Amino acid sequence: MIPLQLRPDAEFSTLRALLDRHAYTADAICVRTARESMYDLAREWRPAEEAVLRDGQDALLRLLFEGGTVAEAELLTHLGEEDVAVLARFGLIRRTPAVGWHASVMLYPNGGIWLVSDLPELDATTGEGAGADRVYYAATSSVRVFLSTMPAAPMGRFLELCSGTGVAALQAAQHGADHAWAVDITNRSTVFAEFNRRLNALPNVSAIEGDLYTPVSGETFDWIVAHPPYVAAPTTEFIFRDGGDDGEQITRAILADAYRHLVVGGTLICTCTISQRRGTTTLDRVRELIGEHADGFDIVYLRNGIADAMQKQVNELLSPEPERSAGAMALLRRFQQLKIEKVELCTIVLRKHGEARAGQAIHTERNSSTTFREIEWLIGLQTAARDPDFVERLLNAPIRLSPHARLSLDFAVADDIDAPWAPLEGVLSVTYPLPGRSPVKSGDANLLATFRGQHTLRSQMQELMATGMLPPETE
């Protein structure tokens, strides 16, 4: 049963006013709870059930964010009869006589929008749950990574696949997309996304039920984004989570059909997992998943970390439930057949170049500050490097050592009493715009330190040659 009621637009306006009146916004909640974002709040903050409610914001947090209960008299004190009736009319809260009021769903701000999703666990009061088609909570660390890779700018025609709450489509619409489509295979997610569209008064969003590209067959988009199910599972227990016996079933279908649905210059962003298999690289695996059109894309592969997929199955072997331990054994055997050595959390960015050439590909790490701005810089660098005049442009550009650079050198004991330590090879690293590391010797490090942005690379090299710091034959 879907608890939400899709009321007329005028009533949604009343609901928005209610949330604003009780300061149920991301900025106000983060100020009160001393958190930088709702993501931090979701990860760290779990107030005690017996904590005293001070006002309507506290009451809404208790009900709609924590999934707790509030006695009727207390709720009426902080919200009033009319506001309680509004929340109940939309199916957001309900009353159990012996307990009080409790939430049917979660409702929480995320950035500049509000979202509804299913309660994360079974309803402790009624024992009810959404089942396999549960609409997953959209303020997790993985969602944060996914959304941070999208530009906060107008994005033309925008398609979100595996949309769940529709959070990416809603944010794109808020940032000025011509139109955004949120597509999900479950009716439940489609209803929740439509509720969220109306709640945020975004007419340039369409919530559509269907399997990946099927409902938009024949259409092309400037942007396609997806945060698909990617947990390896022998059977589907939760549609939002389980991605087949290698975790790549949905990702494979998204990447394989992306070329047909992107305009030239269009971009796909997919936050998922990719398994690294013996004898191949993760970039090779991405090309394999794309298939025949792999050369039609420039690819940026951002490694977000290592998934605990294999360890999770090892732990499941100890489950007292025979079905779970048998499923774990089957998955581990499947991993062995596929020669899976590890599973990486990643974000894949594909840009359809539309040129008569093979696509370029870069594998790099991301860090906590990585956004689309840094990815666009990297794609721009790829594009510039294809220019025959690229080396000349570099030689004629002022060059400076990044303020983000860090140098680590190893030293060995030397016999010289005046210089007891002899420098060995070290590492030069940067964290921005993207993490990078390069081996250096102490002489290289001293050379790089002379790059202060006051001279072109050409003049700098000529001066270094003149002083003997660089051999005259250096290219």
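Predicted model, so just to flag it, every value in this text is computed and none were measured.
- When the options V300, V349, D298 are evaluated for a side chain to side chain contact (heavy atoms under 4.5 Å, CB included) with L378, the one that passes is V300.
- Using a 4.5 Å heavy-atom threshold, the side chains of C162 and L212 count as touching.
- Between atom CZ of residue F195 and atom CH2 of residue W114 there is a gap of 11.5 Å, rounded to the nearest 0.5 Å.
- For residues 154-180, the set of pairs meeting the salt bridge (charged side-chain N to carboxylate O under 4.0 Å, His left out) definition, not counting sequence neighbours, comprises R157-E219.
- A parallel orientation is assigned to the rings of Y259 and H293, their planes being inclined by less than 30° (bins at 30° and 60°).
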- [ ] Would you please test Y108 and S117 for side-chain hydrogen bond (donor to acceptor under 3.5 Å, both in side chains) and show each step?
- [x] CA-CA 9 Å; Y108 44 94; S117 58; 2.9 Å; yes

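- The list of side chain to side chain donor-acceptor pair (under 3.5 Å) pairs with a residue in residues 403-417, not counting sequence neighbours, is empty.
- Partners of R351 according to the salt bridge (Lys or Arg N to Asp or Glu O under 4.0 Å) rule, which considers only residues two or more places apart in sequence or in another chain, do not exist here.
- One finds the OG atom of S163 at 4.5 Å from the CG atom of D184 (value rounded to the nearest 0.5 Å).
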- [ ] Apply side-chain contact (heavy atoms from CB on, under 4.5 Å) to the pair S142 and T271, showing each step before the final yes or no.
- [x] CA-CA 8 Å; S142 61; T271 295; 5.6 Å; no

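- Sorted by first and then second residue, the salt bridge (charged side-chain N to carboxylate O under 4.0 Å, His left out) pairs with a member in residues 272-284 read D246-R277, E248-R277, R278-E341, D284-R287; sequence neighbours excluded.
- Between the CE atom in M150 and the CZ atom in F158 there is a gap of 4.0 Å [rounded to 0.5 Å].
- With sequence neighbours excluded, the residues forming a ring-ring contact (aromatic ring centres under 6.0 Å, His included) with F238 are F240, listed by chain and number.
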- [ ] Please assess R285 against S275 for the test side-chain hydrogen bond (donor to acceptor under 3.5 Å, both in side chains), listing each intermediate value before the final yes or no.
- [x] CA-CA 8 Å; R285 298 272 357 278; S275 57; 3.0 Å; yes

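- Here CG of L395 is found 10.0 Å from OG of S459. Values are rounded to the nearest 0.5 Å.
- Listed by first and then second residue, the salt bridge (charged side-chain N to carboxylate O under 4.0 Å, His left out) pairs involving residues 362-375 are R303-E365 (not counting sequence neighbours).
- Side-chain atoms of N304 and T347 include a donor-acceptor pair closer than 3.5 Å.
- Taking the salt bridge (Lys or Arg N to Asp or Glu O under 4.0 Å) definition, one finds that R400 meets it with nothing, sequence neighbours left out.
- Contact annotation: the side chain of V116 approaches that of N196 to within less than 4.5 Å [non-hydrogen atoms, C-beta and beyond].
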Distance-only donor-acceptor pairs under 3.5 Å for side chains of residues 332-339, two or more places apart:
from, atom 1, to, atom 2, distance (Å)
R334, NE, D245, OD2, 3.0
R334, NH1, Q337, OE1, 3.2

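- Not counting sequence neighbours, N200 has no partner by the side chain to side chain donor-acceptor pair (under 3.5 Å) test.
- Q171 contributes no side-chain N or O that, together with a main-chain N or O of L147, makes up a donor-acceptor pair within less than 3.5 Å.
- Using a 4.5 Å heavy-atom threshold, the side chains of C346 and T282 count as separate.
- With rounding to the nearest 0.5 angstrom, the OG1 atom of T190 is 13.0 Å from the CZ atom of R197.
- When the options V286, L262, L268, T267 are evaluated for a side chain to side chain contact (heavy atoms under 4.5 Å, CB included) with F297, the one that passes is L262.
- Between Y136 and T165 the shortest side-chain heavy-atom distance does not fall below 4.5 Å.
- Side-chain atoms of L199 and L107, non-hydrogen and from C-beta on, do get closer than 4.5 Å to each other.
- Legend: residues meeting salt bridge (Lys or Arg N to Asp or Glu O under 4.0 Å) with K441, ordered by chain and number and at least two apart, are absent.
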Open item on the list: Let's go through I379 and Q382 carefully: what are the C-alpha distance in whole Å and the side-chain angles of both, what is the deciding distance for side-chain contact (heavy atoms from CB on, under 4.5 Å) to 0.1 Å, and is it a yes or a no?
Closed with: CA-CA 5 Å; I379 293 172; Q382 279 184 308; 4.2 Å; yes

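- The distance from the CZ atom of F192 to the OG1 atom of T186 is 9.0 Å, given to the nearest 0.5 Å.
- A 4.5 Å side-chain heavy-atom check between I29 and Y24 finds at least one atom pair inside the cut-off.
- The salt bridge (charged side-chain N to carboxylate O under 4.0 Å, His left out) contacts involving residues 207-218 comprise nothing, where partners must be two or more places apart or lie in separate chains.
- Every residue meeting the ring-ring contact (aromatic ring centres under 6.0 Å, His included) condition with Y213, not counting sequence neighbours, appears here in chain and number order: H261.
- Counting heavy-atom neighbours within 6.0 Å of D27 CG, excluding the residue itself, gives a total of 12 or less.
- E392 has a carboxylate O that lies under 4.0 Å from a charged side-chain N of R458, or vice versa, which qualifies the two as a salt bridge.
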